[in-house]
Amino acid sequence: MPELPEVETSRRGIEPHILNKKIKHVVIRQYQLRWPIPKNLASILTDLKLSQVARRGKYLLLHFGTSGTVIIHLGMSGSLRICTPSTPAGKHDHIDFVFSNNKVLRLTDPRKFGCVLWTKLPVDDHKLISKLGPEPLNDEFNADYLYAQSRKRTCSIKTFIMNSHVVVGVGNIYASESLFMAGINPNRKAGSLSRPRCEKLVIAIKKILELAIQQGGTTLRDFTREHGQPGYFAQQLQVYGRANEPCSSCGKLIKQISQQNRSTFYCTACQK
DNA sequence: ACTGGATCCTGACTGC
DNA sequence: TGCAGTCAGGATCCAG
């Protein structure tokens, strides 16, 4: 369940266990993820010291000084946890990074939509990272930006804000939630949004993500240790997964539709 | 340059 | 129970 808040929660959860530790060895059980794990990754990483645990969008970045960076994406079903070398590996535990302090960073990903890659480049120059839009919580993501980017765009506003080249980290759940908070119909064409409504949407996206990170930080604190815990934020969702339930604002039943083969939930009365 | 659709993969759930 | 069909929190690639 990796939305941006959870990737950030994972980052904060694993960092204290492995920062500034050396890799003792790497165990790779399944190379075939979204893209294959580089064959020589284990030998490259052995004896390198982890200097920084960063995040860009939904990508987790393990920096090893000037040597290079491991790029991890959790896809739809990936998760990370800290365990020990003696913790038995499950069916979908694809890679273990074993550190000198005997802590293991373990990636689990049943659907294999995630990836583990290596780059020597400055990570911002990597193909997957270089074209990403701004971080939603940075000042760079503001009403002027969203308004300018959306002009003449005919795709729906929901599809637009989920496009990682426009802004990173807005997944299917938070797209629906943000549009509800901003009172915008998800079917509306991106280019038809007024400047004030762009501002409203930017504020909503920031607010929703900040709230989710805050909740992830408290309720999913041990997400990296106990796989599969239900997220507390699920109870805070106003429209996502609530088809045919009354709108919390007006009482009209929440509608579920499909956009780009993804479910969208919204209130036909509150969102125009 | 944009848009819509196909696609990678497994598991949970529903209905027959 | 078993089996087929549908649906999942992502995002790239490709054709038009």
Side-chain angles (χ1 to χ4, degrees), chain A residues 1-10 29-37 55-60 71-80 90-95 107-117 126-133 136 148-180 186-192 205 208-209 211-213 215-216 219-220 223 227-244 256-265:
Chain A
M1 31 152 82
E3 288 269 342
L4 182 145
E6 235 181 14
V7 177
E8 178 60 21
T9 300
S10 290
R29 301 184 191 84
Q30 169 62 270
Y31 283 87
Q32 298 306 315
L33 302 183
R34 172 88 200 251
W35 298 287
I37 296 177
R55 178 187 62 74
R56 177 75 174 93
K58 293 173 190 165
Y59 291 95
L60 202 64
I71 301 173
I72 298 176
H73 196 290
L74 300 176
M76 299 264 260
S77 58
S79 64
L80 288 166
K91 187 176 172 189
H92 303 295
D93 293 341
H94 304 316
I95 181 166
L107 172 73
T108 305
D109 184 8
R111 287 177 73 182
K112 301 183 193 150
F113 281 12
C115 67
V116 178
L117 299 171
H126 189 275
K127 193 182 160 192
L128 291 174
I129 309 287
S130 62
K131 293 186 178 140
L132 294 178
Q149 290 292 311
S150 59
R151 290 315 86 188
K152 297 188 179 168
R153 295 294 292 265
T154 59
C155 66
S156 71
I157 185 61
K158 193 237 187 183
T159 303
F160 188 68
I161 59 174
M162 284 182 67
N163 182 341
S164 61
H165 299 322
V166 174
V167 58
V168 298
V170 182
N172 200 39
I173 291 178
Y174 295 126
S176 278
E177 292 297 310
S178 302
L179 288 164
F180 175 75
N187 287 312
R188 175 174 284 281
K189 291 201 187 313
S192 77
I205 289 171
I208 293 276
L209 289 178
L211 189 69
I213 289 174
Q215 291 177 347
T219 65
L220 295 178
F223 169 68
H227 171 61
Q229 281 200 322
Y232 177 72
F233 60 76
Q235 296 165 31
Q236 306 288 313
L237 299 175
Q238 300 297 304
V239 287
Y240 188 86
R242 296 193 180 280
N244 298 319
Q256 176 173 3
I257 60 171
S258 182
Q259 295 179 293
Q260 318 296 122
N261 258 348
R262 313 294 300 276
S263 291
T264 302
F265 301 84

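Just so it is clear: chains get the letters A, B, ... in the order the sequence lines come, proteins before strands, and each one is counted from 1. None of these values were measured; they are calculated from a predicted model.
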For [X] and [N], give me the distance from atom [atom1] to atom [atom2], rounded to whole Å.
{"X": "A:Arg34", "N": "B:dC9", "atom1": "CZ", "atom2": "P", "value": "11 Å"}
{"X": "A:His126", "N": "C:dT12", "atom1": "NE2", "atom2": "C1'", "value": "13 Å"}
{"X": "A:Met76", "N": "B:dT10", "atom1": "CE", "atom2": "C1'", "value": "11 Å"}
{"X": "A:Leu4", "N": "C:dA11", "atom1": "CG", "atom2": "C1'", "value": "15 Å"}
{"X": "A:Lys131", "N": "B:dC2", "atom1": "NZ", "atom2": "P", "value": "13 Å"}
{"X": "A:Asp109", "N": "B:dC8", "atom1": "CG", "atom2": "C1'", "value": "11 Å"}
{"X": "A:Gln259", "N": "C:dC7", "atom1": "CD", "atom2": "C1'", "value": "17 Å"}
{"X": "A:Ile157", "N": "B:dT3", "atom1": "CD1", "atom2": "C1'", "value": "15 Å"}

The side chain of [X] is closest to which nucleotide in this list: [options]?
{"X": "A:His92", "options": "B:dG11, B:dT3, C:dG10", "value": "B:dG11"}
{"X": "A:Ser263", "options": "C:dC7, B:dG11, B:dG4", "value": "C:dC7"}
{"X": "A:His73", "options": "C:dG9, C:dA11, B:dG11", "value": "C:dA11"}
{"X": "A:Arg153", "options": "C:dA8, B:dT3, C:dG10", "value": "B:dT3"}

What contact category does [X] fall into here, base, sugar-phosphate, or nothing, at under 4.0 angstrom with non-hydrogen atoms?
{"X": "A:Lys58", "value": "sugar-phosphate"}
{"X": "A:Gln30", "value": "nothing"}
{"X": "A:Tyr59", "value": "sugar-phosphate"}

Could you tell me whether the phosphate oxygens of [N], OP1 or OP2, come under 4.0 Å of any side-chain nitrogen or oxygen in [X]?
{"X": "A:Lys152", "N": "B:dC2", "result": "no"}
{"X": "A:Tyr240", "N": "C:dG9", "result": "yes"}
{"X": "A:Lys91", "N": "B:dG11", "result": "yes"}
{"X": "A:Lys127", "N": "C:dC13", "result": "yes"}
{"X": "A:Ser164", "N": "C:dA11", "result": "no"}

Is any side-chain heavy atom of A:Leu74 closer than 4.5 Å to one of A:Ser79?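 A side-chain contact under 4.5 Å is absent here.
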Can you find a heavy atom in the side chain of A:Lys112 that is under 4.5 Å from one in the side chain of A:His94? yes
Got a donor-acceptor pair under 3.5 Å from the side chain of A:Arg262 to the base of C:dA8? no
Residue mapping more 5' on DNA chain B - nearest nucleotide basis, A:Thr154 or A:Asn261: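 Here A:Thr154 is the residue nearer the 5' end.
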Indicate whether any N or O donor in one side chain lies under 3.5 Å from an N or O acceptor in the other, for A:Ser156 and A:Asn187.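 Side chains of A:Ser156 and A:Asn187: no pair found under 3.5 Å.
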Determine whether the side chains of A:Lys158 and A:Asn172 contain a donor N or O and an acceptor N or O closer than 3.5 Å.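 Short answer, yes.
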Find the partner of C:dT12: check Watson-Crick (N1-N3 plus N6-O4 or O6-N4) and G-U wobble (N1-O2, O6-N3) distances, both under 3.5 Å, and reply none if neither fits. B:dA6
State which residue, out of A:Arg55, A:Arg56, A:Lys58, fulfils the salt bridge (charged side-chain N to carboxylate O under 4.0 Å, His left out) condition with A:Glu8.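 When salt bridge (charged side-chain N to carboxylate O under 4.0 Å, His left out) is applied between A:Glu8 and each of A:Arg55, A:Arg56, A:Lys58, only A:Arg55 qualifies.
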Donor-acceptor pair, side chain of A:Arg242 and main chain of A:Leu237, under 3.5 angstrom: yes
Whole-angstrom distance between B:dC9 and C:dC3, as gauged at atom P: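 It comes out at 23 Å once rounded to the nearest Å.
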Given the C1' atoms of B:dT3 and C:dG9, what is the spacing between them in whole Å?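 About 23 Å, rounded to a whole number of Å.
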Are A:Phe113 and the base of C:dA11 stacked, counting only ring centres nearer than 5.5 Å and planes tilted under 30°?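 Per 5.5 Å and 30° rule: no stacking.
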